[in-house]
Amino acid sequence: MRASGVFSHKTRVFRIRLMHQVKMGEFVRTTLVMLRDATGAFLRTVSGYAPTPRRASGVEIDNPEVYKPVLYAISTTLAFQAMANNIVTNAQIQLLNSIYRGNTAQTALTIGKLKAAGAFAEFLIGPLMGQLSDAYGRRVVMLVCSLVNCLGKLLIVINPNRLYAHWLSQVPTIAFGTAYFATMRAQMADVMSGRNIAENAFMHMAPAGLAVVCAPLLAGRMAPLRCYQVSTLMFGVCAWILYNQEETLHKDNRRPLALSSMNPFAFVRLFTQGPLLRNLTLTSGIQTCTDSRLMESCVVQCMTERLKWCPAQVNKHLSVMAISGVLGVPCGQFSVKHLGRVWHTHSSHFFKVAAYYAWANASSSAQMRLAQFILMLGQRQRDGTETFITDVAVAKGFGKGECEANKMNWRSMANILAPILYSKSFATQGVKAPFYLAIVLTLCAEAVFSYGVTNHHVQLDAFDRASLAGKNKT
């Protein structure tokens, strides 16, 4: 009997291990298939032979045969956008430091002003670009954005030590980069439900994530001017890819230009359509202020002044930050899938507060990496909030393109304010001040979100169930 019991126990252990191996094998196989499909689509798109499905006026939501080709086309161009933008992060700071003769506080303040001016420009042109994409197609808007950014980086290559060149380059890059992103979100919303976007859309952007990780590593091996030359080339390649892509917006679905919707302050409508949409919109704006990318220049200055790191070490940690952002995508997917969008937002706020506190008090490379690991768990805090905004707004009669443009303009308000606040706090209060300011803002976002969903959790759960029902149907 004892021998039989031991044999039975070993059999159960073997079965458990076999089940774990099968599950791991399925996960690895699924990941490899996804990477294979993404890489194949990436190469076909680069070659100019990646036709997107031609659709009639009716669009089937959450059909993988429809939305996956769209995601692959987006990820290809986004990869070159990410490479071009991230490879010059430290190069811009080095060039500005040389212009200001090593005055890092003045450099941080100037970068804050550049980002604020870019956010203001995106605020002005955002509704116009959204209307143009609805009237003339997504491809032409993305192509114009890439060409403008290419010319901006080329201007830095020609005049690297002229301050006006940085203004004429950085401001349009921010404005038209946001227009590109808004058009991309409108494409996704046309073919995917809100929860499906939060769970799966960003998982199909492997080339873009790889570009974000590789850009600082490449930048560490090049001089600042060479970084801008590569950035110019990347934007040029992106424009060439877009030129060879087919249009995804069918002519039957295009809308005439509406002058009333080009008003930069049209986003105010999001605050007038009931308390739920108002609180979700306010939460999204505060969350945008806590985005770590808005304090990137302060982080670089912190590594340079407090930790005494050389440019190579700074670029290496920028790669760690990029990896944290990329790995935040599957973390966010897991959180949304198992917790739902409401509790995903709560947990993201908690991890973000912990990460910024660890970041503010980090005194070594190991502690800096630990802060990035914690931040990874809270990177995707807006995924639940912003997809909820789209669900609620569309239910109240907003168009999807109109809603995305309004959300981008509201976020641009936060993008105008946040860089100035972080740069000013760094210049006046020291290297820890931006991180503690981000903690306070994150707590404010949690308070507003908690108050907003208290009396509307049934409605938000209904949106999640509707999204799941649509996915199961397809």
Side-chain angles (χ1 to χ4, degrees), residues 41-55 67 69-88 118 121-122 124-157 168-191 204-205 207-208 211 228-257 262 400-401 404-405 408-409 412:
F42 174 79
L43 294 176
R44 290 194 301 273
T45 307
V46 169
S47 301
Y49 297 101
T52 53
R54 298 181 181 274
R55 299 186 296 279
Y67 71 74
V70 175
L71 292 179
Y72 292 149
I74 290 172
S75 67
T76 305
T77 53
L78 193 62
F80 287 97
Q81 295 266 354
M83 174 67 74
N85 285 318
N86 285 274
I87 203 170
V88 297
E122 82 182 34
L124 293 178
I125 72 169
L128 171 62
M129 301 302 289
Q131 285 288 313
L132 291 175
S133 72
D134 284 338
Y136 300 107
R138 318 296 186 193
R139 170 178 164 270
V140 64
V141 171
M142 293 183 176
L143 179 59
V144 169
C145 292
S146 296
L147 289 175
V148 169
N149 292 339
C150 180
L151 293 175
K153 294 299 185 287
L154 181 61
L155 182 61
I156 298 290
V157 173
L168 293 178
S169 172
Q170 184 72 4
V171 174
T173 295
I174 295 173
F176 285 91
T178 303
Y180 174 89
F181 184 75
T183 307
M184 177 195 75
R185 293 291 296 265
Q187 282 184 333
M188 290 192 298
D190 285 338
V191 295
H204 291 270
M205 298 184 181
Y228 273 95
Q229 292 172 346
V230 173
S231 179
T232 304
L233 177 63
M234 291 295 101
F235 275 121
V237 172
C238 181
W240 181 80
I241 294 172
L242 288 166
Y243 178 78
N244 285 281
Q245 283 183 352
E246 294 188 28
E247 178 58 59
T248 60
L249 183 64
H250 196 273
K251 291 183 179 180
D252 294 341
N253 294 334
R254 298 183 184 181
R255 303 168 58 184
L257 293 174
M262 297 182 188
K400 291 180 179 178
E404 293 301 328
M408 290 298 106
N409 256 28
S412 70

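Keep in mind that this is a model prediction, so the values were computed, not measured. All values below come from the heavy atoms of this structure, side chains included, with hydrogens, waters and symmetry mates left out.
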Counting only N and O atoms by type, is there a donor-acceptor contact under 3.5 Å from the side chain of R139 to the main-chain atoms of L242?
yes
Atom pair CG (L233) and SG (C238), whose distance is rounded to the nearest 0.5 Å:
11.5 Å
Walk me through it: do T77 and S146 pass the test side chain to side chain contact (heavy atoms under 4.5 Å, CB included)?
CA-CA 9 Å; T77 53; S146 296; over 6 Å; no
Any side-chain heavy atom of E122 within less than 4.5 Å of one from F176?
no
Which residues satisfy the side chain to side chain contact (heavy atoms under 4.5 Å, CB included) test with V140, sequence neighbours excluded?
Y136
Interatomic spacing from CG in N409 to CD1 in I125 - rounded to 0.5 Å
9.5 Å
Could you state the interatomic distance from CD (E404) to CE (M188), rounded to the nearest 0.5 Å?
7.5 Å
Anything under 3.5 Å between a donor and an acceptor, one on a side chain of residues 149-157, the other on a protein residue two or more places apart or in another chain? List them.
residue : atom : partner : partner atom : Å
N149    : ND2  : C145    : O            : 3.3
K153    : NZ   : T173    : OG1          : 3.1

So, the side chain of S133 versus the backbone of R138: is there a donor-acceptor pair under 3.5 Å, distance only?
no
Spacing of M129 atom CE and M408 atom CE [to the nearest 0.5 Å]
14.0 Å
To the nearest 0.5 angstrom, please state how far the OG atom of S75 sits from the CZ atom of F80.
10.5 Å
To the nearest 0.5 Å, atom CG of L78 lies from atom CE of M142 at 9.0 Å
Under the side chain to side chain donor-acceptor pair (under 3.5 Å) test, residues paired with Q229 that sit two or more places apart
R226
So, for A84 and S231, which heavy atoms are closest and what is the spacing to 0.1 Å?
O-OG, 2.7 Å
